[in-house]
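We number each residue from 1, following the sequence as shown. Since the structure is predicted, the reported quantities are computational estimates derived from the model, not experimental observations.
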Amino acid sequence: MALTVAAMLATTPAFGQAASAWSPVPKDAVYQTGDSWSSGGVTYRLYGVQACLRGTSVTNANGIVRDCGEVSLAMLVALTRDLHPQCYRAAVSTSEQTAFVFCVATPSSGAGAGSRIDLGTALISTGFAFAALKPDGQPVHAPYFVAQMIAQRTHAGLWAFADLPEPNAIILRALREKQGAPADITHNSASR
């Protein structure tokens, strides 16, 4: 997917031109995953963010098994409803009717009043999403990878659970198996 996004960024006429208007997550949005929603026939995906995969499980501190993708989804819904971010279309794939977006909120009250909160960073730094990786294993957006490393090191959110099904490892393994390469992807569970 990252290669597809890179190709779209290079060929999208609006990219690199004057910034288009920022817009809120629509009130009629149907949340699909912990990094995407749809509205008006368009799917919106947070650029550089990878949610936990639906159908994978994580066991919380109370021993309750939850669908990891649903946990990521719940956090995305909560943050968008609490923060009311404005989103900018970084790239659009008309063939897939998908818009890749960055979303930023500026709270007017509370501890974060006046600060700018990037939705992707918020999801990743709290441990409820991950930095998306390119097929070569490099991060799509390096600042998100830094946020992920801090969340992993501090055992934030989903990183607190020993059985976390790390989505990038699963995706990269599937890509390599599809290409016929050895599936030797491992993650550093010693740092958890």
Side-chain angles (χ1 to χ4, degrees), residues 1-5 25 30-37 43-83 85 100-103 105 110-112 117-192:
M1 180 186 83
L3 293 176
T4 303
V5 173
V25 175
V30 175
Y31 292 89
Q32 299 173 329
T33 67
D35 60 29
S36 67
W37 61 88
T43 297
Y44 297 86
R45 289 194 51 129
L46 290 172
Y47 179 79
V49 177
Q50 175 61 57
C52 210
L53 302 174
R54 284 195 176 178
T56 61
S57 300
V58 64
T59 307
N60 71 19
N62 297 321
I64 299 171
V65 177
R66 299 279 187 211
D67 183 292
C68 197
E70 292 293 326
V71 175
S72 282
L73 174 65
M75 183 57 90
L76 174 63
V77 171
L79 286 176
T80 56
R81 290 190 177 158
D82 288 349
L83 297 174
F100 293 90
V101 297
F102 286 100
C103 299
I117 300 171
D118 175 82
L119 185 59
T121 301
L123 287 164
I124 295 166
S125 65
T126 58
F128 289 95
F130 308 85
L133 300 180
K134 300 174 194 174
D136 66 1
Q138 295 300 307
V140 171
H141 186 60
Y144 288 167
F145 189 71
V146 172
Q148 177 179 309
M149 297 306 295
I150 293 168
Q152 183 178 6
R153 188 174 36 241
T154 61
H155 306 283
L158 295 167
W159 290 106
F161 310 121
D163 64 346
L164 172 63
E166 200 171 340
N168 286 313
I170 295 167
I171 292 166
L172 290 174
R173 185 178 305 114
L175 283 173
R176 290 207 170 101
E177 287 173 357
K178 184 177 179 181
Q179 295 171 348
D184 61 352
I185 302 295
T186 59
H187 56 73
N188 186 359
S189 47
S191 63
R192 286 197 188 161

(request) Say whether, by atom type as modelled, one donor and one acceptor occur between the side chain of Thr154 and the main chain of Ile150 under 3.5 angstrom. (result) yes

(request) Taking all non-hydrogen atoms of both residues into account, name the closest pair between Ser125 and Ala151 and its distance. (result) O-CB, 3.6 Å

(request) List in chain and number order the residues that pass ring-ring contact (aromatic ring centres under 6.0 Å, His included) with Phe145, two or more places apart in sequence or in another chain; answer none if no residue qualifies. (result) none

(message) Restricting to non-hydrogen atoms, name the atom on Val71 and the atom on Arg66 that form the minimum distance, rounded to 0.1 Å.
(response) CG2-CB, 4.0 Å

(message) In this structure, is the centre-to-centre distance between the rings of Phe128 and Trp159 below 6.0 Å?
(response) no

(message) Between Ile124 and Met149, is the side chain to side chain contact (heavy atoms under 4.5 Å, CB included) condition met? List the steps.
(response) CA-CA 9 Å; Ile124 295 166; Met149 297 306 295; over 6 Å; no

(message) Would you say that Val58 contacts Leu158 through its side chain, given a criterion of any heavy-atom pair below 4.5 Å between the two side chains?
(response) yes

(request) Supply the atom-to-atom distance Leu73 CG to Arg54 CZ, rounded to the nearest 0.5 angstrom. (result) 5.0 Å

(request) Scan side-chain atoms only and decide if Thr80 and Tyr31 contain a donor-acceptor pair under the 3.5 Å cut-off. (result) yes

(message) Any heavy-atom pair between the side chains of Leu46 and Leu119 that's under 4.5 Å?
(response) yes

(message) For Ala147 versus Thr121, what's the shortest heavy-atom pair and its separation?
(response) CB-CG2, 4.4 Å

(message) Working to the nearest 0.5 angstrom, can you tell me the gap between Ile171 CD1 and Glu166 CD?
(response) 10.5 Å

(message) Within this structure, what is the CG-OG1 distance for the pair Leu79 and Thr126, rounded to the nearest 0.5 Å?
(response) 6.0 Å

(request) Rounded to the nearest 0.5 Å, what's the gap from CG on Leu76 to OG1 on Thr33? Could you check? (result) 7.0 Å

(message) Is it the case that the ring center of His141 lies less than 6.0 angstrom away from the ring center of Phe102?
(response) yes

(request) Would you name the heavy atoms of Pro135 and Arg176 that are closest together and state the gap between them? (result) O-NH2, 4.0 Å

(message) Applying side chain to side chain contact (heavy atoms under 4.5 Å, CB included), can you list everything that pairs with Thr56, at least two apart in sequence or on another chain?
(response) Cys52, Leu53, Cys68, Pro165, Ile170

(message) Rounded to the nearest 0.5 Å, what separates atom OH in Tyr144 from atom CG in Leu133?
(response) 14.0 Å

(message) Main chain of Ala132, side chain of Asn168: is a donor-acceptor contact present, judged purely on distance under 3.5 Å?
(response) no

(message) Treating Asp136 as the side-chain partner and Gln138 as the backbone partner, does any N or O pair qualify as donor plus acceptor under 3.5 Å?
(response) yes

(message) Tell me the closest heavy-atom pair linking Val49 and Asp35, and the distance in Å.
(response) O-OD2, 3.3 Å

(request) May I ask you to decide if the ring planes of Trp37 and Tyr44 are parallel, tilted or perpendicular, using 30° and 60° as cut-offs? (result) parallel

(request) Please assess Val140 against Tyr47 for the test side chain to side chain contact (heavy atoms under 4.5 Å, CB included), listing each intermediate value before the final yes or no. (result) CA-CA 8 Å; Val140 171; Tyr47 179 79; 3.4 Å; yes

(message) Once rounded to the nearest 0.5 Å, what's the spacing between atom CZ of Arg45 and atom CZ of Phe100?
(response) 6.0 Å

(request) State, yes or no, whether a side-chain contact exists between Pro85 and Val25 at a heavy-atom distance under 4.5 Å. (result) yes

(request) Report the C-alpha separation of Thr59 and Ile64 in whole Å, then their side-chain angles, then the decisive distance to 0.1 Å, and conclude whether the side chain to side chain contact (heavy atoms under 4.5 Å, CB included) test is met. (result) CA-CA 5 Å; Thr59 307; Ile64 299 171; over 6 Å; no

